[in-house]
Engineer: 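So that we are looking at the same thing, I have put the structure below in structure tokens.
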Amino acid sequence: EATASNLWGGKPGDLYLAYLLGQSLVGLRAEDVLVGARFLAELEGAGRPSKVHLISIGSTGPAALHAAALESQMFDTLRLVRSLGSWTDVVRHPEAPRQLVNVVHGALASYDLPDLLRSLPPEKVAVEEPLDLKSAAESKKQ
């Protein structure tokens with residue numbers, strides 16, 4: 001059954017709201033991540049700021065990656081699990097399900113998600129089970 005969630009990867013209302021605000025859902029989610037991280041970083045333990053370890057599973061990966069790239073000093077580590085690895089993959093496999101939630105209009109003209117990964121210290125980043133959009137697109141066809 002083809003539902004909006006299966007096609008878009010989120011609630012259509014969230015995507016429309018972001019669009020009407022002139023923003024991307026990735027950007028709105030990244031700001032949410034940063035707000036939460038700032039709160040956590042201000043919690044003190046033994047007289048020093050708390051360490052923040054960012055873990056993202058699934059469709060929130062691009063937002064977490066953007067947050068970490070924007071304020072890398074805020075995060076001690078970043079772990080991306082089953083996350084989209086590249087917008088170029090979305091272009092190559094547009095039939096892959098649940099990817100509209102991850103798009104940022106016009107971003108590929110300037111950068112792709114691997115560029116953000118390379119901007120971070122490799123020892124602080126773990127990427128596990130990245131999405132294989134080719135396989136997802138092929139299984140959708142069957």
Engineer: If you take all heavy atoms of Ala68 and Leu78, which pair is closest and at what distance?
Structural biologist: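 The pair with the smallest heavy-atom distance is CB-CD2, 3.9 Å.
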Engineer: Do Leu17 and Gln23 have side chains that approach each other closer than 4.5 Å (heavy atoms only, starting at C-beta)?
Structural biologist: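 Answer no - side chains too far apart.
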Engineer: Can you check whether Leu34 reaches Phe75 side chain to side chain, under 4.5 Å on heavy atoms?
Structural biologist: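 Side chain of Leu34 against side chain of Phe75, heavy atoms only: contact under 4.5 Å found.
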Engineer: How far apart are the closest heavy atoms of Pro62 and Asn102, and which atoms are they?
Structural biologist: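 Pro62 and Asn102 have their closest heavy atoms at CG-OD1, 3.3 Å.
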Engineer: Report the C-alpha distance between Val26 and Val103 in whole Å, list the side-chain angles of each, state the deciding distance to 0.1 Å, and finish with yes or no for side chain to side chain contact (heavy atoms under 4.5 Å, CB included).
Structural biologist: CA-CA 7 Å; Val26 170; Val103 300; over 6 Å; no
Engineer: Looking at OG1 of Thr77 and CD1 of Ile55, how far apart are the two atoms once the value is rounded to the nearest 0.5 Å?
Structural biologist: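 Between Thr77 OG1 and Ile55 CD1, I get 6.5 Å after rounding to 0.5 Å.
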Engineer: Grab the two heavy atoms, one from Val104 and one from Ser24, that are nearest each other, plus how far apart they are.
Structural biologist: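 Taking every non-hydrogen atom into account, CG2-OG, 3.6 Å.
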Engineer: Is there a side-chain contact between Leu65 and Leu120, using heavy atoms and a 4.5 Å cut-off?
Structural biologist: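 In contact.
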Engineer: Spell out, yes or no, whether Leu28 and Leu20 are grouped together once hydrophobic residues are joined by side-chain heavy atoms under 4.5 Å, including indirect joins.
Structural biologist: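 In one cluster with Leu28: Leu20, no.
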Engineer: Hey, are the side chains of Leu84 and Val90 touching, using non-hydrogen atoms and a 4.5 Å cut-off?
Structural biologist: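 Yes, side chains in contact.
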Engineer: Which distance, rounded to the nearest 0.5 Å, do you find between the CG of Leu54 and the CD of Glu71?
Structural biologist: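 Here the interatomic distance stands at 12.0 Å.
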Engineer: Relative to the ring of His66, is the ring of Trp87 parallel (under 30°), tilted (30 to 60°) or perpendicular (over 60°)?
Structural biologist: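 Answer is tilted, since the angle falls between 30° and 60°.
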Engineer: Is it true that Leu133 and Val91 fall in one hydrophobic cluster, defined by side-chain heavy atoms closer than 4.5 Å?
Structural biologist: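 The answer is yes; both residues are in one hydrophobic cluster.
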Engineer: Which pair of heavy atoms, one from Val101 and one from Leu15, lies closest together, and at what distance?
Structural biologist: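 Closest heavy-atom pair between Val101 and Leu15: CA-CD2, 3.8 Å.
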Engineer: Distance check, rounded to the nearest 0.5 Å: Asp132 atom CG versus Arg82 atom CZ?
Structural biologist: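 Nearest 0.5 Å value for the CG-CZ distance: 14.0 Å.
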Engineer: Between Asp115 and Asp112, what is the shortest heavy-atom contact and its length?
Structural biologist: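 What the structure gives for the nearest pair is OD2-N, 2.8 Å.
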Engineer: For Leu80 and Gly61, work out which heavy atoms get closest and say how close.
Structural biologist: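 Looking at all heavy atoms of both residues, the shortest contact is CD2-O, 3.8 Å.
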Engineer: If you group Ile, Leu, Val, Met, Phe, Trp and Tyr by side-chain heavy-atom gaps below 4.5 Å, do Val81 and Val127 land in one group?
Structural biologist: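 Cluster IDs for Val81 and Val127 differ.
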Engineer: Rounded to the nearest 0.5 Å, what's the gap from CD1 on Ile57 to CD on Glu129? Could you check?
Structural biologist: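 Taking CD1 in Ile57 and CD in Glu129, the distance rounds to 9.5 Å.
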Engineer: Are Leu43 and Val35 linked, directly or through other ILVMFWY residues, by side chains that come within less than 4.5 angstrom of each other?
Structural biologist: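 No, Leu43 does not connect to Val35 through the hydrophobic network.
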Engineer: Would you find more than 12 non-hydrogen atoms of other residues, nucleotides or ligands less than 6.0 Å from Phe39 atom CZ?
Structural biologist: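 Open: at most 12 neighbouring heavy atoms sit under 6.0 Å from CZ of Phe39.
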Engineer: How far does CG of Leu40 sit from NZ of Lys51, to the nearest 0.5 angstrom?
Structural biologist: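 One finds 14.5 Å between CG of Leu40 and NZ of Lys51.
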Engineer: If you measure from the Lys or Arg side-chain nitrogens to the Asp or Glu carboxylate oxygens, is any gap between Glu128 and Arg79 under 4.0 Å?
Structural biologist: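 Result for this pair is yes, salt bridge flagged.
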Engineer: Kindly compute the distance separating OG (Ser86) from CG (Leu117), expressed to the nearest 0.5 Å.
Structural biologist: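 Atom-to-atom, Ser86:OG and Leu117:CG are 10.0 Å apart.
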Engineer: Between Arg29 and Asp32, is there a side-chain N and carboxylate O pair less than 4.0 Å apart?
Structural biologist: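 Between Asp32 and Arg29 there is no salt bridge, as every charged N stays at least 4.0 Å from the carboxylate O atoms.
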